[in-house]
Amino acid sequence: MILFVTGMFRSGTTLLSRILDVHRNIALPYDPYFPFFKSLRNKKAEQVGIEVKRDEPLDDYYFSTQDLRLFEAIQDGDLNVPLCPNELERLKGDIYQHGQDYSPRIVMHIEQVSGRTYRDLFMSLLSIIEKHCGKQDLRYVGFKEVWTDEFIPALIKTFPEIKIIQVLRDPRAVCASKNYSKAAYPWLFLIRQWRKHASLFWYYGKRFNKNVLSIKYEELISSPHSTICKICNFLEIPYLEEMLDPKNYKDGMGNPWLQNTSYADKKQAFNTNSIYRWKEVLNQEERRYIELLCFPEMLLNGYYDVDLGINNLSEFFFNPPVVDMAFLAQWIKKYFPTHKVDTIFEMYKERVRIELLTNRIEPVNGELVRSCFLIEEVFASIKGSCRIPFLIQ
């Protein structure tokens, strides 16, 4: 059977994949095949007449009718899509280059893959893992890949028996973890990407509950035994005590694995300090900015520790916190607004989102709601069950 693990980066997906890979019934390398999903995205865009750059990052899909159309094309599709020979050869090169940092022992065999469709190629990619994982008693073969939640419906349509685990982490912790490192990302980029993942985490967990298990990072770190047992029950495999011992976790080269963290305390352990490290790293302005723009999806997913006691909301729309250009990752400057003036304009779009929740704007049609929340059921659940604690001034 196929096993797929996904979520936003800095959310514990690699830790979970290392835990699962210890099991004798599972082969699960981490982050070997991300270019596969970019290529599939590009093909879906081509099919609906949308132009995207080949290496463009996967979108958050907010506030754009074109991006929303692409998101919905991905949601409605599957992997039974033709794959031309030239694209296959380019993909082999992209996967080999990408996977060197994560699963080099897997991608070194990339020349062995083939396929006339993306489904064929996906199965061929899995066959490499199965062949070279060094395990005999396998029940699950798969991999972990971050950023790729939106492809879950396509995977389930193509492989109805697939098992998928999504991981979600507090957005304040995700943002703090990333921007504590040197190659930072704009706050708004991280916020919108997290909202996409959080919405799909909630929605897919309900819609595809036979195929999808939703796990929070905080649960995994604070209660590893019960969380791992829950996962084993979901996969219908025996719980093994060695899964709980970080000394058994291996990296992509087969060496001892250390928890992936931006902070200095890398160690072989379940680092419970990481749950609330964001309180030390984020200043008050940054924290409140994240909470202001993420609170609907935070409340939807049970992150209730939100401080929205903001006296003057206008300051966040006219003077949002931004990351110093000198600290930003170079690649992101090509794809996402990074100047403060651009961010201010983007904040007007964010205002529409909040005003839809506070009834200041009536949702004139479903497209407006989906542009702001991606999925109408997400908007309806937020508005119906989450008390909105303030009004736009």
Side-chain angles (χ1 to χ4, degrees), residues 6-16 60 146-147 149 166-202 214-224 227 246 258-267 269-310 313 315-316 319-324 326-329 332 336 338 343 347 350 354 386 389-390:
T6 189
M8 191 172 177
F9 75 158
R10 308 290 181 177
S11 294
T13 55
T14 303
L15 171 61
L16 179 57
D60 56 57
V146 292
W147 300 104
D149 300 61
Q166 287 184 281
V167 185
L168 186 69
R169 188 182 184 185
D170 188 315
R172 296 162 296 193
V174 172
C175 292
S177 177
K178 176 54 191 169
N179 280 3
Y180 193 84
S181 63
K182 293 181 180 179
Y185 292 168
W187 295 116
L188 194 56
F189 172 84
L190 292 170
I191 285 166
R192 289 180 177 173
Q193 287 286 345
W194 183 87
R195 287 195 321 226
K196 176 186 75 172
H197 289 289
S199 296
L200 301 184
F201 178 87
W202 178 86
S214 302
I215 295 293
K216 286 185 180 179
Y217 171 84
E218 294 81 11
E219 297 169 347
L220 178 61
I221 292 297
S222 61
S223 304
T227 304
L258 296 179
Q259 188 169 341
N260 183 21
T261 174
S262 298
Y263 308 115
D265 54 346
K266 294 186 177 183
K267 55 186 178 180
F270 289 91
N271 186 6
T272 55
N273 292 332
S274 63
I275 294 177
Y276 294 110
R277 183 65 63 84
W278 59 267
K279 293 184 177 182
E280 304 170 16
V281 174
L282 298 175
N283 62 41
Q284 185 181 62
E285 181 188 32
E286 292 163 347
R287 175 178 60 80
R288 287 188 167 181
Y289 183 61
I290 294 166
E291 291 174 348
L292 171 65
L293 300 187
C294 291
F295 81 88
E297 288 80 7
M298 290 179 71
L299 298 178
L300 185 68
N301 285 291
Y303 293 103
Y304 299 121
D305 179 24
V306 180
D307 178 13
L308 289 170
I310 301 171
L313 283 172
E315 67 180 278
F316 285 97
N319 190 29
V322 294
V323 178
D324 190 318
F327 298 107
L328 287 174
I332 205 166
F336 195 85
T338 54
T343 304
M347 288 301 293
E350 296 293 335
I354 296 175
C386 300
F390 60 85

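For Phe201, the ring pair (Phe, Tyr, Trp, His ring centres under 6.0 Å) test picks out no residue, with sequence neighbours left out. The side chain to side chain contact (heavy atoms under 4.5 Å, CB included) search around Glu280 returns Arg277, not counting sequence neighbours. Remark: Arg172 pairs with Asp170, Glu291 by the salt bridge (charged side-chain N to carboxylate O under 4.0 Å, His left out) rule, at least two apart or across chains. For the side chain to side chain contact (heavy atoms under 4.5 Å, CB included) test, residues two or more places apart in sequence or in another chain that qualify with Thr272 are Ile221. Remark: Asp149 pairs with no residue by the salt bridge (charged side-chain N to carboxylate O under 4.0 Å, His left out) rule, at least two apart or across chains. By the side-chain hydrogen bond (donor to acceptor under 3.5 Å, both in side chains) test, Glu218 pairs with Tyr303, sequence neighbours left out. Thr13 is linked by a side-chain hydrogen bond (donor to acceptor under 3.5 Å, both in side chains) to Lys144, counting only residues two or more places apart in sequence or in another chain.
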Step by step, work out the side-chain contact (heavy atoms from CB on, under 4.5 Å) result for Arg169 and Ser177.
-> CA-CA 11 Å; Arg169 188 182 184 185; Ser177 177; 4.3 Å; yes
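Side-chain contact between Trp187 and Pro320: absent, with no pair of heavy atoms (C-beta onward) separated by less than 4.5 Å. Using a 4.5 Å cut-off on side-chain heavy atoms (C-beta onward), Met8 and Leu190 make contact. Residues Tyr217 and Leu168 form no side-chain contact, since every pair of their non-hydrogen atoms from C-beta on lies 4.5 Å or further apart. At least one side-chain heavy atom of Tyr289 sits less than 4.5 Å from a side-chain heavy atom of Leu293. Inter-residue side-chain proximity for Leu188 and Glu350 is flagged as met; some heavy-atom pair is nearer than 4.5 Å. Leu292 has its side chain within reach of Ile354: a pair of non-hydrogen atoms, C-beta onward, lies under 4.5 Å apart. Inter-residue side-chain proximity for Pro171 and Ile191 is flagged as unmet; no heavy-atom pair is nearer than 4.5 Å.
For the atom pair CZ (Arg287) and SG (Cys175), the distance works out to 13.0 Å, reported to the nearest 0.5 Å. The distance from atom CZ of Phe336 to atom CZ of Arg192, rounded to the nearest 0.5 Å, is 5.0 Å. Taking OG1 of Thr6 as the start and CG of Leu16 as the end, the distance is 11.0 Å to the nearest 0.5 Å. Between the CG atom in Leu282 and the CD1 atom in Ile290 there is a gap of 4.5 Å [rounded to 0.5 Å]. Glu297 CD to His197 NE2: the interatomic distance, rounded to the nearest 0.5 Å, is 12.5 Å. A distance of 10.5 Å separates CZ in Phe295 from CZ in Arg195, rounded to the nearest 0.5 Å.
Closest heavy-atom contact between Thr227 and Ser223: OG1-O, 2.8 Å. The shortest heavy-atom contact between Ile332 and Pro186 is CD1-CD, 3.5 Å.
Ring-plane geometry between Trp278 and Tyr276 is classed as tilted, the angle between the planes lying from 30 to 60 degrees on a 0 to 90 degree scale. Between Phe9 and Trp147, the ring-plane angle classifies as tilted under the 30° and 60° cut-offs.
Between the side chain of Asn179 and the backbone N or O of Val323 there is no donor-acceptor pair closer than 3.5 Å. The backbone N or O of Val167 lies less than 3.5 Å from no partner atom in the side chain of Ser11, so there is not a single donor-acceptor pair.
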